[in-house]
Amino acid sequence: MSIATVFEVALAAVVLGLAIWTIAVPETYSATVGFVAYGLLVALIWVRLDAVDVALTEAAIGGGLGGVVLLGAAARLRDAEATAAERPDRFTRLIAAILSASIAAALGLAILILPDHAPTLAPVVAANAGATGMANPVTNVLMAFRGMDTMLEKVVLLLTVVGVWSLASDRAWGGRPGPHHEADPHGVLAFLARLLPPAGIVVGIYMLWTGADHPGGAFQGGAVLASMWLLAIMAGLADTPPVSSRWLRFILVAGPGLFLVVGLGGLCFGAAFLAYPVAFAKPLILGIEVAMVLTIAATLALLLAGAPERNA
Amino acid sequence: MSSVSVFGLCAAAAVGLGLYGLITNPQPLRKIVAFNLLGSGVFLLFGIVGRRGAAAGVGNDPVPQALVITGIVVAFSATALAIALLLRLFHAAGSTTLSSRAPTSPRSDPSGG
Amino acid sequence: MNFARDIMTIACVSTGAFFFLAGTVGLLRFPDTLTRLHALTKADNLGLGFVVLGLLPQAGGLRDGLKLMSIWMFALLAGATVSQLIARTVRRSGAG
Amino acid sequence: MTEFLTAAVGLILALLALGLVSILRGPGDTDRMMAAQLIGTAGIAVLLLLGTVTGVPAAVDVALILALLATFASIAFVKKGLSRLESDGVGSAEDK
Amino acid sequence: MFRAASFLCLWLVLAGANPGDIPAAAVAIAAATWTSLHLLEPSSSRRSLVAIARLALLFLYHSVVAGIDVAGRALNPRLPLHPGFVAYPSRLSRGVRQNVFTTLTSLLPGTVPAGEENGHIVYHCLDVTQPVLDDLAAEEAALVRALYND
Amino acid sequence: MLSPALETSAGGFLLVLSIVVPVAGVLLAFALGDRYVRLVAFTVVPVGSTIAAAVLLVLPQNDGHLAYLLGAWPPPLGVALRADGSSAVMLATTAIVICVVAVFAASDFRPASGNRRAPFAFWILLLAIWAALNTIFVGGDLFTLYVALELLTFAAVPLVSLEGRAETLQAALRYLLFALLGSILYLMGTALFYGLYGTLDIVLLSHRASAEPGALIAAALMTTGLLAKTALFPLHLWLPPAHAGAPAAASAILSGLVVKGSFFILLRLWFNVRPGMSGFAAAQFLAALGAGAIVVGSIVALRQERLKLLVAYSTLAQIGYLFLMFPLAFNASGQLESGQALAGGLLQTVSHATAKAAMFLAVGSIYAGFGHDRVTGIRGAARALPLSVMTFALAGFALMGVQPGGAALAKELLLQETARTGQWWWAGVLQVGGMFTAAYVVLVLAHALSPPDQPVALVAKPPRSSGLAALALALCSLLLGLLPWEPYLPITYAAESKLFGVEALVKLLVTVFGGAALAILLSPWPHPLAFSAAGKTIMHLIAPLRRTCIGLGSLVETGDGVLRQWSTASISLLLVALLLAALMFVAN
C-alpha cells in the first residue's frame with residue numbers, strides 16, 4: 001500500500017466513524033454536531049476525488065448550511081425527545097441491520113464490478129467548451145448542456161420556500177420568518193458580525209466570478225452570501241424581511257425567471273430553447289448566474305430562517 | 001486498492017448506515033439526519049463514477065459532478081422542508097412522533113377532514 | 001534553491017504538525033471544557049499558521065502565498081471570537 | 001516531497017480524528033460546540049496540504065469556504081446552545 | 001476609502017489582477033464597503049501605521065508564545081495547570097474597542113475572555129499564578145497607541 | 001415507442017412549452033403575490049390546456065412521436081424531450097383534471113377572503129404539479145426525470161398540510177420522508193447506470209443496456225424507489241392519511257395525478273430503458289403486490305368510517321390494479337412489449353385519474369355540505385346534494401368497469417392478454433378487483449340514497465360551478481371507452497360493438513351483485529338495508545357468515561396497521577428491493 005492509499009483509508013475511516021456516531025449516538029444534538037463534522041470532512045474526499053466544484057458545494061451547503069438547519073431544529077426540539085416514540089425492538093433492529101447491510105453490499109459489489117472501459121462524457125464536454133466561452137466544465141454542464149435540470153432545480157428551491165411559508169399560521173402570514181434574534185450590540189458576536197460579512201461578500205462574489213473558468217459558481221457563492229446574511233441576523237444587526245415584501249419576492253424569482261427568459265429567447269430567435277448564441281454565451285450565462293446568486297442567497301437564508309412567525 | 005475502491009466502499013457503507021438509521025431511529029429529526037447521510041453516500045457514488053471517467057486534463061467527469069451539485073441542492077431543500085414541517089408539527093401537537101395511527105382508526109374524530 | 005525551499009517546507013510543516021499534536025494531546029488530557037478550549041484555539045491556530053508558512057515556498061507566486069495567509073487570518077479571527085463565545089457560554093452555564 | 005506532505009496530511013487527519021473523539025465524547029454540549037472550530041483549523045490544514053500534494057490549486061478556495069462556513073457553524077452551535085441554556089433559566093450575556 | 005482599499009486588496013489576493021475582472025471586482029468592493037459602513041460606523045480616532053504594524057507583530061508574537069505555552073503544558077507529564085478566572089478592569093469603552101481588545105487578548109498565552117462582570121472583563125486562565133493582569137495592561141497600552149489614540 | 005431520432009422534430013417546441021408555461025406561471029404568481037395568484041393560475045390553465053391539445057393534434061402527423069433537443073445539444077451530452085402516444089395521452093389527462101380542479105377550487109381558494117396563505121400556496125403548488133408532471137411525461141433523461149420527480153414531491157407535500165392541523169402535518173412529514181427514501185433509491189440506480197453506460201438518455205440506454213449485474217441492481221433499486229413513491233402495497237404507509245387529510249381539491253390532484261407521475265417513470269424504466277432486463281419473474285412479483293393491494297386496500301376501505309379515508313384506500317386498491325399489466329406485457333421471446341397490455345394499463349391510469357379526482361371532489365362537496373364525512377351519517381345526501389352523489393355514482397361506475405368507461409375497456413384489453421399469454425389467474429384477480437370496487441361504491445351509494453331519519457340541514461351549500469365541474473369529470477371518465485385511441489395507443493378492440501349486448505349486462509350485474517354481497521359481508525357499519533323488514537330477515541340469516549367475514553376484515557385491518565408502521569414499511573421497502581434484484585438475477 002502506498003502512502004497515499006494509507007491516507008485515503010484513514011480519511012474514509014474518519015468519515016465512516018463520524019457516520020456511525022451520527023447514527024448511533026442516543027442524543028439528537030450530538031448526532032447533528034457529528035453530522036456537521038461529517039459534512040465538512042466529506043468535502044475532503046471530494047477534493048481527493050478531484051471534484052473541487054462538488055467539494056465547495058458540499059462544504060458550503062451539505063455540511064455548513066445543512067448542518068446548521070439540523071442543529072437549529074435539534075436545539076428547538078430538545079423537549080420533544082422525551083416524548084418521542086421508543087426505539088423499535090431488538091428483532092426489528094436486527095432485520096433492519098441485515099437488510100441495510102445487504103443493500104450496501106449489493107451497491108458495493110455493483111461499484112467494484114463496474115466495467116474497465118469506464119464510459120465518460122468528459123472529452124465531449126471538453127470538446128464543446130468553446131460554445132460557451134467558459135473554461136469550467138462543470139459550469140458548462142450546469143448552465144448549457146443540462147440547463148433544464150438546473151432551471152427546474154431552482155424551481156424546486158422556490159417551491160421549498162412556498163412549502164415552508166405555507167406552514168405559517170394564518171395570523172403570521174406576510175410577517176417576518178424565523179424567531180427574532182436579539183444580541184448584545186456590544187458583544188463579541190455582534191463584533192464578528194460587523195467584521196466578517198463584508199469580507200464574506202467579497203469572497204462570495206469571487207466564488208461566483210471565478211466559477212466561469214475555475215471551480216466555483218452560483219451555488220457556492222450564494223451559500224457564502226447566505227451564511228453572512230444569517231450571521232448578521234443572528235447577531236441582531238439585521239432582520240429577515242417580511243414575506244410579503246415585493247423586493248424579496250422579486251429576488252427570489254430573479255434567477256429562474258431570467259433563466260426562463262433567456263431560454264425562451266433562444267426558442268424564439270435562436271437555435272433552440274436554452275441555446276445561447278455563441279457570441280453572447282458568456283455574458284448571458286454570467287447574467288443568469290448573477291441573478292441566480294442573489295436568488296440562491298436569499299432562498300438559502302430564508303430556508304434556514306423558517307416559516308413566518310412574527311408580524312412585520 | 002485504488003482510491004476508487006476505498007471511497008466506493010465508503011459510499012456503500014454510508015448508504016447502509018443511512019438506511020439503518022432511517023429505519024430504526026424513532027425521532028423524525030434523526031431520520032432526517034440519516035437521510036442526509038444516505039444522500040451523501042449516493043452523491044459519493046456519483047463521485048466515484050466520475051473519477052473513473054476522468055479523461056486527460058479533467059480529473060473527474062464533469063457531468064456526474066454537475067448532477068451531484070444539483071442533487072445536493074435538492075437534498076438541502078428536502079431537509080429544510082422536512083425540518084419546517086417537523087417544527088410546525090411540534091408546535092401544533094407538542095410531540096414529534098410519527099407512529100400515531102389515530103387518523104385511520106375507525107372511530108376517529110369526525111371534525112377531521 | 002529548490003532544496004532550501006523543500007527544507008523550509010519540511011521544517012515548518014513538521015512544526016505545524018507538532019502543534020496539532022500538542023493541541024490534540026491537550027484536548028485529551030486537559031480536565032475541563034475551558035482548558036480544552038485553550039488547547040484547541042491556541043495550539044491548533046499556531047499549527048495552521050506553521051503549515052501555511054511551510055506551504056508558502058511551494059505556492060505558485062506572491063498572490064497564492066497571500067491567499068494562504070488570508071485564510072489563516074480568517075481562521076485566527078474565527079478562533080479568537082468563537083473561543084470567547086464558547087467561554088462565555090461555559091462560564092454562564094457553570095460547566096467550566 | 002510529496003510523500004512527506006502526504007504523511008503530514010495523514011498525521012494531521014489522525015490527530016483531527018482523535019480530537020473529534022475527545023470533543024464528541026463530551027461530557028457536556030459545550031464541548032461539542034468546539035467540533036466545528038476544530039475542523040475549521042485542522043480541516044483547513046489538511047485541505048491546504050492536500051491541494052499541494054494532488055496539485056489541485058482550487059483546494060485553497062475550498063479551504064476559504066471551509067473557514068467561513070465553519071465559523072458560521074460554530075456561531076450557530078454556540079447560539080443554539082445559548083438559546084437552550086436560556087430556556088433552562090440560565091441567562092446569558094450574549095442574548096438579552 | 002481605507003476600507004474600500006482593503007477590500008480591493010482582498011479581491012486582488014483572491015482573484016488576481018485581471019482586466020476582465022474589473023466589473024466583478026467593482027461590484028464586490030462596492031457591496032462590501034457599503035455593507036461594512038452599514039454594519040460598523042467609521043471611528044474618528046487617528047491611526048498610526050507604525051503602531052499598527054507593531055501591534056500586528058506583537059500579536060503574531062503572542063500567538064506563537066501562546067501556542068508554545070499550551071503545547072508545553074499539554075505535553076508536560078505533570079500537566080501544570082492552575083485554571084481559574086481573573087477579572088481585568090479595562091479602560092476601553094464598551095463596544096467595538098473592547099471587542100478588539102478581547103479578541104486580541106484571546107490569543108495571549110493562557111487567557112480566554114469569558115464575558116464581563118461589573119465593568120471588568122473576566123478572563124479564564126490556564127495558570128493564575130502567571131502575571132496575567134500586567135500582560136493585559138501592556139497589551140491594552142499597545143492597542144491604544146495603535147488604533148485609539150484620541 | 002419513443003422516437004429513436006436524435007434530432008428535434010417539427011412540433012417539438014410544444015414539449016418545451018408544456019413545461020415552460022406552468023413554470024412561468026409559478027414564478028409569476030410568486031412574484032406578483034397573494035392577490036394575483038388565482039388570476040395567474042386562470043391565465044395559465046387555458047394556455048397549458050391548449051398546448052396539451054396541440055400535442056395531441058401534432059403527434060399523429062409525426063408518426064406518433066415528437067422530440068426536442070434542449071439547447072440543441074444532442075444526447076448523451078444534452079437533454080432531449082420526447083413524447084410518444086402515452087405521453088400525449090397523459091398530458092391531455094393532466095390538463096383536463098387540472099382544469100376541472102381549478103374550476104372546482106375557484107371558490108374555495110379565493111385570495112380575497114381573510115385567509116391569504118392557503119390560496120397563495122394552493123395555486124402555486126397546483127401549477128408546479130402541472131409543470132412537474134409534464135416534465136415527467138416528456139422527459140427523455142433519467143436525471144431530468146429525477147428532478148421532475150422531486151419537483152412533484154415538493155409541490156405535493158405542502159398541499160397535504162395546507163390546513164395546518166397536527167394530523168395533516170404528521171401525514172405530510174411521513175409522506176415527505178418516505179418519498180425521499182424512494183427518490184434516493186432511484187438516484188442510486190441512476191448513478192450506476194451512468195457508471196455502466198455513460199449516458200442517462202432513455203433511448204441511448206435502451207441501445208446500450210444489457211442484463212448485466214450492475215444494471216440489474218440499478219433497475220431493482222430504481223423500481224423500488226418508484227414503487228415507494230407510487231405507494232404500491234406494502235409501501236403505502238403514507239398514502240391514506242396524506243390523501244384523506246388534504247383539502248378536497250388537493251386530494252383530487254394527489255390521488256388522481258401525483259401518484260401517476262412515479263408510475264409513468266416506472267413504465268419508462270421497464271418498457272423503454274431495457275425491455276429485456278426486467279424479467280418475467282419480477283413482473284409476476286409486481287403484479288402479486290398489486291393483487292395484494294387490491295384485496296387489502298378494498299377490505300380496509302370497506303371498514304373505514306370516514307368517506308375520504310374510504311376513497312383514499314380505494315386509491316390504494318386501484319394502484320394495485322395498475323400493476324396487473326406487467327406480467328401480461330411479455331411477448332413470446334420473453335421481452336416486455338409496448339403492446340395491448342401497456343395500452344390497457346395506461347387506459348386504466350387515465351380512467352383512474354379522472355374518476356378518482358371526480359370522486360374526491362364529490363366527497364369534498366359532501367363533507368362541506370354535511371360538516372362531516374362519516375359514511376353512516378350521510379343518509380339523505382342524494383336529496384340534499386344530488387349533484388355530488390351523482391358525481392360519486394358516475395365516477396364509481398367508471399371505476400368498477402361499467403361500459404363504456406375507460407376502466408371497462410382496459411379490463412377487456414387485459415383479459416384478452418391473459419388469454420393470449422395463458423395467465424388465467426390474473427383474469428380472476430381482474431374480475432375480483434372489479435367486484436371489490438363495486439363493493440365500496442355500492443356501500444356509499446346505499447347510505448347516500450337511503451332516506452334520512454330527520455331532514456338534512458346543510459352546513460354550507462357548495463357552489464354550483466364546483467359541482468358541475470366534478471360531474472363533467474366523472475362523465476368524461478365514463479365515456480373514455482368511446483374515444484378514438486388508435487393514433488396514440490395500440491388498441492384494436494372496438495368497445496362500441498359490445499356496448500349494449502347481453503354479455504355486457506350480465507357482466508355488469510355480476511359485478512354489482514358481487515360487490516353488494518361483499519359490502520354487506522365486510523362492512524362493519526349498520527347497513528341501510530337492515531332498516532327494512534326484508535333486509536332484517538336477510539341480515540339475520542347471514543349473521544354468522546357476516547361475523548366471520550368482519551372478523552377476517554378486522555384481521556386484515558390490523559395487518560395493514562402493522563404494515564403502515566414506519567419501521568415495518570421501510571423494512572418491506574428494502575425487502576422488495578432485494579427480492580426484485582434476486583428475481584431479476586434468476587431470470588437472467
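Convention: sequence-line order gives letters A, B, ...; per-chain numbering from 1.
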Heavy-atom contact with chain D under 4.5 Å, split by part of [X]:
{"X": "C:Leu55", "value": "side chain"}
{"X": "C:Val52", "value": "side chain"}
{"X": "C:Ser14", "value": "both"}
{"X": "C:Leu77", "value": "neither"}
{"X": "C:Leu40", "value": "side chain"}

Give me the atom names and distance for the closest heavy-atom approach of [X] to [Y].
{"X": "D:Ser74", "Y": "C:Val82", "value": "CB-CG1, 3.7 Å"}
{"X": "D:Gly19", "Y": "C:Leu27", "value": "CA-CD1, 3.8 Å"}
{"X": "D:Phe4", "Y": "C:Thr9", "value": "CE2-O, 4.4 Å"}
{"X": "D:Ser22", "Y": "C:Arg36", "value": "OG-CD, 4.3 Å"}
{"X": "D:Leu15", "Y": "C:Ala17", "value": "CD1-O, 4.0 Å"}

Let's test your reading of the structure: which of [options] forms the most heavy-atom pairs below 4.5 Å with chain C?
{"options": "D:Leu49, D:Ile23, D:Leu11", "answer": "D:Leu49"}
{"options": "D:Ile12, D:Leu18, D:Ile44, D:Thr41", "answer": "D:Thr41"}
{"options": "D:Leu64, D:Val21, D:Leu16", "answer": "D:Leu64"}
{"options": "D:Ala7, D:Ala14, D:Ala42, D:Pro57", "answer": "D:Ala42"}

Nearest-0.5 Å distance, CD1 of residue C:Ile86 to CD of residue D:Gln37: 6.5 Å

Intermediate values then yes/no, side-chain contact (heavy atoms from CB on, under 4.5 Å), C:Phe74 and D:Leu68: CA-CA 7 Å; C:Phe74 272 127; D:Leu68 286 174; 4.2 Å; yes

Contact leader toward chain D among C:Leu68, C:Ile71, C:Leu76, C:Val51, where contacts are heavy-atom pairs under 4.5 Å: C:Ile71

Best-contacting candidate, C:Asp44, C:Thr41, C:Asn45, against chain D by heavy atom pairs under 4.5 angstrom: C:Asp44

Within 6.0 Å of CE in C:Met8, more than 12 heavy atoms from elsewhere: yes

Within-4.5 Å side-chain heavy-atom neighbours: C:Thr33 and D:Met34: yes

Structural part of D:Ala8 lying under 4.5 Å from a heavy atom of chain C: side chain

